[in-house]
Each structure stands twice: as C-alpha cells, then as structure tokens.
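Both backbone and side-chain heavy atoms feed into the values below; hydrogens, waters and symmetry mates do not.
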Amino acid sequence: MADQQPSGSGDGSHDRPPTNGSRSSDAMATTSEEGAAGGVESSTIRDLIGGENVPDNMFAVVPLTWCPHLEAVATLPSDGLDASAPCVTCGDASENWVCLHCYQVHCGRFVKEHMVHHGETTGHSLVLSYADLSVWCYPCDFYVHNEVLLPAKRAAHLSKFGCLPGC
C-alpha cells in the first residue's frame, strides 16, 4: 500500500489509502475476512500486530467487499502475471501496478505516476499492486477485495513468491 495517499486530496493521485476514521477500524476491530490472496483469517487487530501493547491510535484499512467496477475485470492472460515486469512506459521495475482491465504494467505515483495516468486516460478502474497485492479502485477511491479478484491475486502471488498463497 505504499503507492497511496489519503483520499480526497484533489491532486488526481487516487491510488492512496484513506486515513480518516470513517474508512478504518480501530485497534480492537475484529477481522473475519478472506485474506488478500484467499486465506481465511479471524482475529483482532491487536492479536495480529502485538497484543495489549498496541497504541489506541492504530487503525487498519478495511477494503470494500464490492464495487461497481468489478464486472470490468478481464480474464487473466494465458501466460499469467509477471510481478517483476517493468513499467511499459518508463521501464522502472521498483514499484509497479498491473491494470486488471488490460493487464498493462505501469509504475506507481512515487515513481513517475504512469499507472495513475493510465487510469485517467483509459478509464480503467481497478489496479493490483505488485508490492503488496492489494487492489485499488480509482473511481471508488478505495481498496477492494472480492472473490472476482482472487485469480489475479493468486497469479501475482505465484509470480512474486514462486508458490500459491499459504505456502
């Protein structure tokens, strides 16, 4: 989630996480969601990051479980995904995202913002981060996790780690 900023910044860089309280859970929130790559987990945020010594000002970004742009996710390319692929515009390979509509790879906003530009010029909404395998929806201005995204997340995990989630 290194490629994001708080929503509502107005600068056109829509691929950053929210920081306001309405889009997060406090440190005592309970998670019981399917993991980003498909594994089911159930615990509290305090359990996940350190028990009773977690400061009260900690929060967790909770992705949307549905957005209207999920129907535009394209079928995976037959050769899968390459998490080490460079940006097709500038060649940088340090912090890239893959478009889940056309499967082009572009760099994030902390490099040269080519994925932000791709989203703005094509209207392609959903992108997958090769850094943390999160999915961001530009029009919804939010992270999204839904069953429709699992094939792409699993393919990215396989490419990045050499195994499917849970290995």
The ring-ring contact (aromatic ring centres under 6.0 Å, His included) partners of His124 (sequence neighbours excluded) come to His101, His118
Here the gap from Lys112 atom NZ to His106 atom NE2, rounded to the nearest 0.5 Å, amounts to 14.0 Å
Close side-chain approach of Leu64 and Cys140, heavy atoms under 4.5 Å: yes
In short, Pro151 meets Leu76 closest at the heavy-atom pair O-CD1, 3.3 Å
Those residues at least two apart in sequence (or on a different chain) that pass side chain to side chain contact (heavy atoms under 4.5 Å, CB included) with Ala74 are Tyr103
The single option from Leu100, Val105, Leu149, Asn96 that satisfies side-chain contact (heavy atoms from CB on, under 4.5 Å) with Leu128 is Leu100
Residue set satisfying side chain to side chain donor-acceptor pair (under 3.5 Å) with Asn146, at least two apart, ordered chain then number -> none
Are Val148 and Trp66 connected in the hydrophobic side-chain network, where two residues link if heavy atoms are under 4.5 Å apart? yes
Between Glu71 and Pro68 the two heavy atoms that sit nearest each other are CG-O, 3.8 Å
Residues 75-88 vs side chain to side chain donor-acceptor pair (under 3.5 Å), sequence neighbours excluded, gives Asp82-Ser84
Practice problem: Please answer: with hydrophobic residues joined when any side-chain heavy atoms are less than 4.5 Å apart, are Leu158 and Trp97 in the same cluster? | Solution: no
Heavy-atom nearest pair, Leu126 first then His69, reads CD1-O, 3.4 Å
Val111 and Ser94 have their tightest heavy-atom pair at CG2-OG, 3.7 Å
Name each donor-acceptor pair under 3.5 Å that joins a side chain in residues 159-167 to protein atoms two or more places apart or in another chain, with its distance.
unit_1, atom_1, unit_2, atom_2, d
Ser159, OG, Leu81, O, 3.3
Ser159, OG, Ala83, N, 2.8
Lys160, NZ, Tyr130, O, 2.8
Lys160, NZ, Ala131, O, 2.5

Minimal heavy-atom distance between Ser134 and Tyr143, with the atoms involved, is OG-CE2, 3.4 Å
Separation between CG (Asp92) and NE2 (His114), nearest 0.5 Å, reads 9.5 Å
Output for pair (Leu70 CG, Glu147 CD), nearest 0.5 Å, gives 11.0 Å
Verify whether one side chain among His145 and Lys153 offers a donor that lies under 3.5 Å from an acceptor in the other.
yes
